[in-house]
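The block underneath contains the structure these notes are about, expressed in structure tokens.
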There are 2 protein chains.
Amino acid sequence: MKPQPARRSSPGVPRCERCTLHARCLPLGLELDALHSFEAIIQVPQALKRGQALVRQGEPFENLYVVRSGSLKQSVAQPGQRDQVTHFYLPGEVVGLDAIGEAECHGSVVALESAFVCELPFTRLEDLAEQLPELRGQLYRCMSRELRRDQRMMCLLSGRTADQRLASFLLGLSERFRARGFSPFCFRLSMSRSDIANYLGLALETVSRVLARFQEQGTIAVAGREMTLLDIESLEGLAREGVGLRGVN
Amino acid sequence: MKPQPARRSSPGVPRCERCTLHARCLPLGLELDALHSFEAIIQVPQALKRGQALVRQGEPFENLYVVRSGSLKQSVAQPGQRDQVTHFYLPGEVVGLDAIGEAECHGSVVALESAFVCELPFTRLEDLAEQLPELRGQLYRCMSRELRRDQRMMCLLSGRTADQRLASFLLGLSERFRARGFSPFCFRLSMSRSDIANYLGLALETVSRVLARFQEQGTIAVAGREMTLLDIESLEGLAREGVGLRGVN
DNA sequence: CGGGGATTTGAGGTATATCAATGGCCGTGG
DNA sequence: CCACGGCCATTGATATACCTCAAATCCCCG
């Protein structure tokens, strides 16, 4: 059974021009009429409630989605293993790139809070991309950006301490919020400690402890899911911090 | 200064039709004349010696490369951190996908042994892809395959023990060799223990010890870089093995 | 045949997982 | 409105996998 997100709501055809994410979204850099062609393929936005699935692992791949508001997480189930959280998606980010050219979605994507997403049928998007070099470029760019994000993640998981992982995680979120016009210093974590731990390859208790320590040191202030970064420099110091652990030779 | 790989050697224009990798390579599925157009943009193959760089981090992105023979590794340097090995490339695999749509290469790629690569100027490839939907599809497929590979890697780094990482690593190599027509049971590791350790997020001593233990248990036979997988099932058992460690709740 | 990197092996320390119990938050229902 | 229950988060105590340091040996290459 397909997830049945509410297909109501929202002002009929979306208008990218008016969207606050315009400057960060997929159609970035399109000419005006190109933009209108692009808008034409966007389906009526979907509303998701917390915990609701946008795509389920194994479903046939049909659409990309752009997050309009709210946030989501992707997790991948592997046989005999625990689920692994692989992504958090914020507004303006594209869901589904890792399934392009594949038959099925290779991870489930679930809303972490109430969210809206724009649905883009991929075949139509591809047809359009055929005519619009700009759009093609944007697609490539999004995919390779994701590749690099994943690689940075691999670096993080590979060689860093719990402190460094958390610091990088917080800085990464901060940066993404800043880019979207939100405060980079003060934001709400829409994911649970358990999600964070899973994402960073730590035990949830460790996440809790490290955050507590950061707080003691005056680096952050955290109350439940409300996060305030007090000393970005310290965090950057931690994140950048050379080696020490898990060095190879 | 650009790396200056020997531009001699090899039979003038390469012939994909005759290439043993034909069935696994980028131009897979192209019609005959499309294939010829594709061949036309391939530069004279480059020969690389062990340790020689194919691309250096930060260089402007201009080409994709397909490995013809030999193997290479990609590593990414991050400020204040040790280099991180992010990939090993085997024949038929495409180097440079993570830089598409970007100005510069975001990692260095170095030959682990004598190697040949086909050079594909990306702008010309893109022009060609504009006319060949098949080729476009292949490009997408390669990129998303890479995305998924990276994600599997993240899972591996995130939640698994050293034994599981090594087992997965060996099985992964085995599978890739099999797919290329080499023996999946008996092969030569072209990378050092240190590279493996770095790639897997372990200390090099740990790699050595785990391999020794696998050998004691009769799962593998290893002598220096010559590797024989004796008991694939055991390895798969290890790799798949549920949880235990680093579980999240 | 010699030298230097690569690999192996050993001993000890530590970061982090695991187990366990408590405390806080929030939505639900009386 | 308050009480209840479940989930989420915190905190402590303990176990352990893996890193680090150190030294010996192997092997490749000149």
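All values below come from the heavy atoms of this structure, side chains included, with hydrogens, waters and symmetry mates left out. Everything quoted here is computed from the prediction, not taken from an experiment. The sequence lines fix the lettering, A, B, ..., with proteins before strands; numbering per chain opens at 1.
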Side-chain N or O of Thr206(B) closer than 4.0 Å to phosphate OP1/OP2 of dC19(D): yes
Salt bridge (charged side-chain N to carboxylate O under 4.0 Å, His left out) contacts in which one or both residues fall within residues 173-183 of chain A, not counting sequence neighbours: Glu93(A)-Arg176(A), Glu93(A)-Arg180(A), Glu175(A)-Arg178(A)
Side-chain donor-acceptor pair present, Asn63(A), Gln43(A), cut-off under 3.5 Å: no
Pairwise distance CZ(Arg68(A)) to SG(Cys118(A)) - rounded to 0.5 angstrom: 4.5 Å
End axis versus end axis in the helix from dC1(C)-dG30(D) to dG30(C)-dC1(D), the angle rounded to 10°, five pairs used at each terminus: 40°
Interatomic distance, Glu113(B) CD vs dC29(D) P [rounded to whole Å]: 12 Å
Other residues, nucleotides, ligands: >12 heavy atoms within 6.0 Å of Arg225(A) CZ: yes
Glu216(A) CD to dT11(D) P, straight-line distance once rounded to whole Å: 8 Å
Leu112(B) CG - dA6(C) C1' separation (whole Å): 15 Å
Pairs touching residues 226-239 of chain A that satisfy salt bridge (charged side-chain N to carboxylate O under 4.0 Å, His left out), sequence neighbours left out: Arg188(A)-Glu226(A)
Counterpart residues, ring-ring contact (aromatic ring centres under 6.0 Å, His included), relative to Tyr89(B) (two or more places apart): His87(B)
Listed nucleotide nearest any side-chain atom of Ala162(A), set dT20(D), dT16(C), dT8(C): dT16(C)
Whole-Å gap separating P (dA6(C)) and CG (Leu189(B)): 15 Å
Nucleotide dC19(D), atom P - distance to CZ of Arg165(B) in whole Å: 8 Å
Under 3.5 Å, which donor-acceptor pairs link side chains of residues 205-220 of chain A to any protein atom two or more places apart or in another chain?
from      : atom 1 : to        : atom 2 : distance (Å)
Arg213(A) : NH1    : Asp163(A) : OD2    : 2.7
Arg213(A) : NH2    : Asp163(A) : OD1    : 3.1
Gln215(A) : OE1    : Val222(A) : N      : 2.9

Donor on one side chain, acceptor on other, Gln46(A) and Glu119(A), under 3.5 Å: yes
Protein-nucleic acid N or O pairs under 3.5 Å, nucleotides 10-13 of chain C:
from    : atom 1 : to        : atom 2 : distance (Å)
dG10(C) : N7     : Arg209(B) : NH1    : 2.8
dG10(C) : O6     : Arg209(B) : NH2    : 3.3

First encountered from the 5' end of DNA chain D, between Arg50(B) and Val207(B): Val207(B)
Distance, rounded to the nearest Å, where Leu166(A) contributes CG and dT10(D) contributes P: 11 Å
Nearest-Å distance for atom pair CG/C1', residues Asn198(A) and dC8(D): 16 Å
Short side-chain N/O contact to dC27(D) OP1/OP2 from Arg225(B), under 4.0 Å: no
Interatomic distance, Ile232(B) atom CD1 to Leu170(B) atom CG [nearest 0.5 angstrom]: 9.0 Å
Spacing between Leu202(A) atom CG and dA9(D) atom C1', to the nearest angstrom: 16 Å
